[in-house]
*Asks:* 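Have a look at this one before I ask anything.
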Protein chains: 2
Amino acid sequence: MELQYLDALKALAEPHRLRLCWLLIHVDQKVTVAEAMDVIGETQYNVSRNLKMLFKAGLLDQEKNGKWVYYTLAEQTEKHWLLLVDSIRQLPKNQFESVAGRCKLRLGMRVNGECVIGPNSDDWIKLVEG
Amino acid sequence: MELQYLDALKALAEPHRLRLCWLLIHVDQKVTVAEAMDVIGETQYNVSRNLKMLFKAGLLDQEKNGKWVYYTLAEQTEKHWLLLVDSIRQLPKNQFESVAGRCKLRLGMRVNGECVIGPNSDDWIKLVEG
DNA sequence: ATTACATATGCATAAATGCGCAAGTGTGAT
DNA sequence: ATCACACTTGCGCATTTATGCATATGTAAT
């Protein structure tokens with residue numbers, strides 16, 4: 001009975017994962033675990049696990065590049081999946097404004113479009129708190 | 001953080017409730033707990049509780065009429081809610097075909113558009129098994 | 001009032017889930 | 001080979017969630 005779709009609903013029915021998915025939808029770019037950690041502000045294992053759950057549920061794609069793992073929004077082809085993703089896309093932005101801002105900041109630290117700085121770096125902390 | 005929407009996702013992330021919600025979306029009519037029981041084939045407490053959860057999550061409306069309680073699909077006004085409901089509406093029908101068929105049968109037992117026969121009645125069992 | 005019936009709801013148990021910790025894998029650089 | 005670092009994963013614990021039973025609520029009819 002559409003097990004994969006149920007997994008997606010389950011995955012999204014958790015605030016941290018909903019925020020992560022919202023992020024991936026709105027950034028419209030690949031994002032590493034390290035970047036997601038800094039943006040969301042949660043521990044490494046949680047971000048890693050939650051991203052992986054979204055991946056296993058079919059909502060995200062995974063791509064390894066050296067020691068970095070990039071996650072991107074998965075392309076959907078079926079109507080009910082497209083609508084589900086659209087639903088999240090349309091969530092009121094004000095709920096996530098700070099997330100979007102922090103993500104812009106974090107992606108600004110990239111070099112040639114690639115992530116080169118790990119999580120919780122001094123550079124990042126200065127950038128955010130300063 | 002869109003608590004109500006999270007509740008809706010949580011409510012839908014359970015096979016029985018997803019089926020119930022799908023039913024209410026596709027029947028496009030009010031349905032009693034008794035009718036839902038017969039159609040879905042689950043115990044009274046589960047159907048009652050699960051319908052109530054969908055109601056509390058804002059996906060269904062409730063309407064009492066004598067000793068019967070009718071549930072209907074709630075009208076949504078916000079984009080992300082509309083898309084979420086649409087997503088469920090677009091789920092492949094074949095997964096729920098038997099549900100749809102049983103529901104048509106069950107609604108055929110109504111008198112003047114109202115439910116008059118309780119759950120697990122002999123009439124219903126004959127109708128389904130015969 | 002009493003009965004019958006549709007629906008709702010505590011309570012207890014069992015299963016699933018989230019989280020922190022610690023240890024693991026894999027990759028790139030020295 | 002060794003080290004540093006990004007990421008993953010198994011384990012134990014606390015919390016949540018689902019389920020079954022029994023009981024409660026509310027309504028209609030006698």
Side-chain angles (χ1 to χ4, degrees), chain A residues 3 6-7 9-20 30-57 60 62-71 106 109-111 114-124, chain B residues 3 6-20 30-57 60-71 106 109-111 114-124:
Chain A
L3 282 180
L6 266 168
D7 283 345
L9 289 173
K10 246 186 252 181
L12 293 169
E14 205 271 337
H16 302 133
R17 285 194 293 267
L18 182 60
R19 208 185 303 137
L20 279 171
K30 57 187 185 183
V31 170
T32 65
V33 177
E35 290 168 332
M37 281 175 62
D38 282 349
V39 171
I40 303 284
E42 289 195 59
T43 59
Q44 195 258 331
Y45 14 96
N46 279 330
V47 173
S48 172
R49 267 191 288 219
N50 285 330
L51 282 174
K52 179 155 202 174
M53 281 194 206
L54 291 166
F55 164 63
K56 278 193 172 176
L60 302 183
Q62 217 185 23
E63 187 194 337
K64 286 195 91 169
N65 186 344
K67 53 183 178 177
W68 308 88
V69 175
Y70 288 95
Y71 284 95
R106 189 55 168 85
M109 296 171 75
R110 286 194 179 173
V111 175
E114 299 290 332
C115 177
V116 293
I117 297 181
N120 297 315
S121 64
D122 291 345
D123 286 2
W124 166 249
Chain B
L3 282 180
L6 267 168
D7 283 344
L9 288 174
K10 243 185 256 182
L12 293 169
E14 205 271 337
H16 302 132
R17 286 194 292 268
L18 182 61
R19 208 185 304 138
L20 279 171
K30 56 188 185 181
V31 171
T32 65
V33 176
E35 290 168 333
M37 282 176 61
D38 282 348
V39 171
I40 304 285
E42 290 195 58
T43 58
Q44 191 261 331
Y45 15 97
N46 279 331
V47 173
S48 173
R49 268 189 289 217
N50 285 330
L51 283 173
K52 180 154 204 178
M53 280 194 206
L54 291 166
F55 164 63
K56 278 194 173 177
L60 302 183
D61 281 340
Q62 216 184 25
E63 188 195 337
K64 287 195 89 167
N65 186 343
K67 53 184 177 175
W68 308 89
V69 174
Y70 288 95
Y71 284 93
R106 188 55 168 85
M109 295 172 75
R110 285 194 178 173
V111 175
E114 299 291 330
C115 177
V116 293
I117 296 181
N120 298 314
S121 64
D122 291 345
D123 286 2
W124 167 247

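Reckoned from all heavy atoms, side chains included, excluding hydrogens, waters and symmetry mates. Proteins come first, then strands; the chains are lettered A, B, ... in the order of their sequence lines, and each starts at number 1.
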*Asks:* Scan residues 30-39 of chain B against DNA chain C and write down, sorted by residue number, each residue with any heavy atom closer than 4.0 Å; if none is found, say none.
*Replies:*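 Close to the strand are Thr32(B), Val33(B), Ala34(B).
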*Asks:* What's the CG-P distance between Leu51(B) and dA8(C), to the nearest Å?
*Replies:*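 It works out to 8 Å between those atoms.
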*Asks:* Return the minimal non-hydrogen interatomic distance between Leu18(A) and Leu12(A), and the atom names on each side.
*Replies:*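 Distance-wise, the nearest heavy atoms are CB-O, 3.5 Å.
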*Asks:* Might you list the N or O atoms of the protein lying below 3.5 Å from N or O atoms in nucleotides 25-30 of chain D, with each pair's distance?
*Replies:*
none

*Asks:* To check you understand the geometry: which heavy-atom pair defines the closest contact between Phe55(A) and Gln62(A), and what is its length?
*Replies:*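 So the minimum-distance heavy-atom pair works out to CE2-OE1, 3.4 Å.
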*Asks:* Would you say dT17(C) has OP1 or OP2 under 4.0 Å from some side-chain N or O of Lys10(A)?
*Replies:*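 Yes, because at least one side-chain N or O of Lys10(A) sits under 4.0 Å from OP1 or OP2 of dT17(C).
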*Asks:* Enumerate the residue pairs fulfilling side-chain hydrogen bond (donor to acceptor under 3.5 Å, both in side chains) with a member in residues 30-41 of chain A, sequence neighbours excluded, ordered by first and then second residue.
*Replies:*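 The answer is Lys30(A)-Glu114(A), Thr32(A)-Glu35(A), Glu35(A)-Arg110(A), Asp38(A)-Arg106(A).
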*Asks:* Closest approach of Ser48(A) and Tyr71(A), non-hydrogen atoms and distance?
*Replies:*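 Closest approach of Ser48(A) to Tyr71(A): O-OH, 4.5 Å.
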*Asks:* Between Ala13(B) and Leu6(A), which heavy-atom pair has the shortest distance, and what is it?
*Replies:*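 Closest heavy-atom pair between Ala13(B) and Leu6(A): C-CD2, 3.8 Å.
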*Asks:* Rounded to whole Å, please give me the gap between CD in Glu42(A) and C1' in dG18(C).
*Replies:*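 In whole Å, dG18(C) C1' and Glu42(A) CD are 11 Å from each other.
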*Asks:* Taking only side-chain N and O atoms of Gln44(B), does any of them lie within less than 4.0 angstrom of OP1 or OP2 on dT9(C)?
*Replies:*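 Indeed not, no polar side-chain atom of Gln44(B) lies that close.
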*Asks:* Establish, with yes or no, whether the OP1 or OP2 oxygen of dA8(C) is under 4.0 angstrom from a side-chain nitrogen or oxygen of Ser48(B).
*Replies:*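 Yes, Ser48(B) has a side-chain N/O under 4.0 Å of OP1/OP2 on dA8(C).
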*Asks:* Do you know which of Glu42(B), Arg17(B), Arg19(B) makes side-chain hydrogen bond (donor to acceptor under 3.5 Å, both in side chains) with Asn50(B)?
*Replies:*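 So, applying the side-chain hydrogen bond (donor to acceptor under 3.5 Å, both in side chains) to Asn50(B) and each of Glu42(B), Arg17(B), Arg19(B), only Arg17(B) qualifies.
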*Asks:* Distance check needed: dA6(D) P versus Ile117(A) CD1, whole Å only.
*Replies:*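 The distance from CD1 of Ile117(A) to P of dA6(D) comes to 10 Å, rounded to the nearest Å.
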*Asks:* Measure CG/Leu20(B) against P/dT7(C) and give the value in whole Å, please.
*Replies:*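 Distance check: Leu20(B) CG to dT7(C) P gives 13 Å.
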*Asks:* OP1, OP2 of dC19(C) versus side-chain N and O of Thr43(A): anything below 4.0 Å?
*Replies:*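 No, Thr43(A) has no side-chain N/O under 4.0 Å of OP1/OP2 on dC19(C).
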*Asks:* Using side chain to side chain contact (heavy atoms under 4.5 Å, CB included), reason through Lys56(A) and Asp7(A) one step at a time and then give a plain yes or no.
*Replies:* CA-CA 8 Å; Lys56(A) 278 193 172 176; Asp7(A) 283 345; over 6 Å; no
*Asks:* Can you tell me how far the OH atom of Tyr45(A) sits from the CE atom of Met37(A), to the nearest 0.5 Å?
*Replies:*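 Those atoms lie 9.0 Å apart.
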*Asks:* Taking the side chain as everything from C-beta on, heavy atoms only, tell me whether His16(A) gets closer than 4.5 Å to Ile40(A).
*Replies:*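 No, side chains not in contact.
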*Asks:* Output all residues satisfying side chain to side chain contact (heavy atoms under 4.5 Å, CB included) with Asp122(A), sequence neighbours left out; order by chain, then residue number.
*Replies:*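 Side chain to side chain contact (heavy atoms under 4.5 Å, CB included) check on Asp122(A) returns nothing, list empty.
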*Asks:* Could you tell me the separation between the NE2 atom of His16(A) and the P atom of dT16(D), rounded to a whole number of Å?
*Replies:*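 Going from NE2 in His16(A) over to P in dT16(D) covers 14 Å.
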*Asks:* Of the nucleotides dC7(D), dT17(C), dT19(D), which has the atom closest to the Asn50(B) side chain?
*Replies:*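 So the side chain of Asn50(B) is nearest to dT19(D).
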*Asks:* Tell me every residue that passes side chain to side chain contact (heavy atoms under 4.5 Å, CB included) with Ser121(A), counting only those two or more places apart in sequence or in another chain.
*Replies:*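 Met109(A), Ile117(A), Asp123(A), Trp124(A).
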*Asks:* For the pair made of CH2 in Trp68(A) and P in dC5(D), what is the distance, rounded to whole Å?
*Replies:*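 Distance check: Trp68(A) CH2 to dC5(D) P gives 11 Å.
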*Asks:* What is the distance, to the nearest angstrom, from the CD atom on Glu63(A) to the C1' atom on dA6(D)?
*Replies:*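 Going from CD in Glu63(A) over to C1' in dA6(D) covers 15 Å.
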*Asks:* Kindly give the atom pairs (protein nitrogen or oxygen, nucleotide nitrogen or oxygen) under 3.5 Å for nucleotides 10-12 of chain D.
*Replies:*
{"unit_1": "dG10(D)", "atom_1": "O6", "unit_2": "Arg49(A)", "atom_2": "NH1", "d": "3.0"}

*Asks:* Asn46(A) side chain: which of dA6(D), dA8(C), dC19(C) is closest?
*Replies:*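 In terms of side-chain proximity for Asn46(A), the closest of dA6(D), dA8(C), dC19(C) is dC19(C).
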*Asks:* Which part of the nucleic acid, if any, lies within reach of Tyr71(A) when heavy atoms closer than 4.0 Å are counted: base, sugar-phosphate only, or nothing?
*Replies:*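 Answer is sugar-phosphate: Tyr71(A) comes under 4.0 Å of backbone atoms only.
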*Asks:* I need the CD-C1' distance between Gln62(A) and dA6(D), as an integer number of Å.
*Replies:*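 My rounded result for the distance is 13 Å.
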*Asks:* So which atom in Leu51(A) and which in Ala36(A) form the shortest heavy-atom distance, rounded to 0.1 Å?
*Replies:*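 Where Leu51(A) meets Ala36(A) most closely, the heavy atoms are CD1-CB, 4.2 Å.
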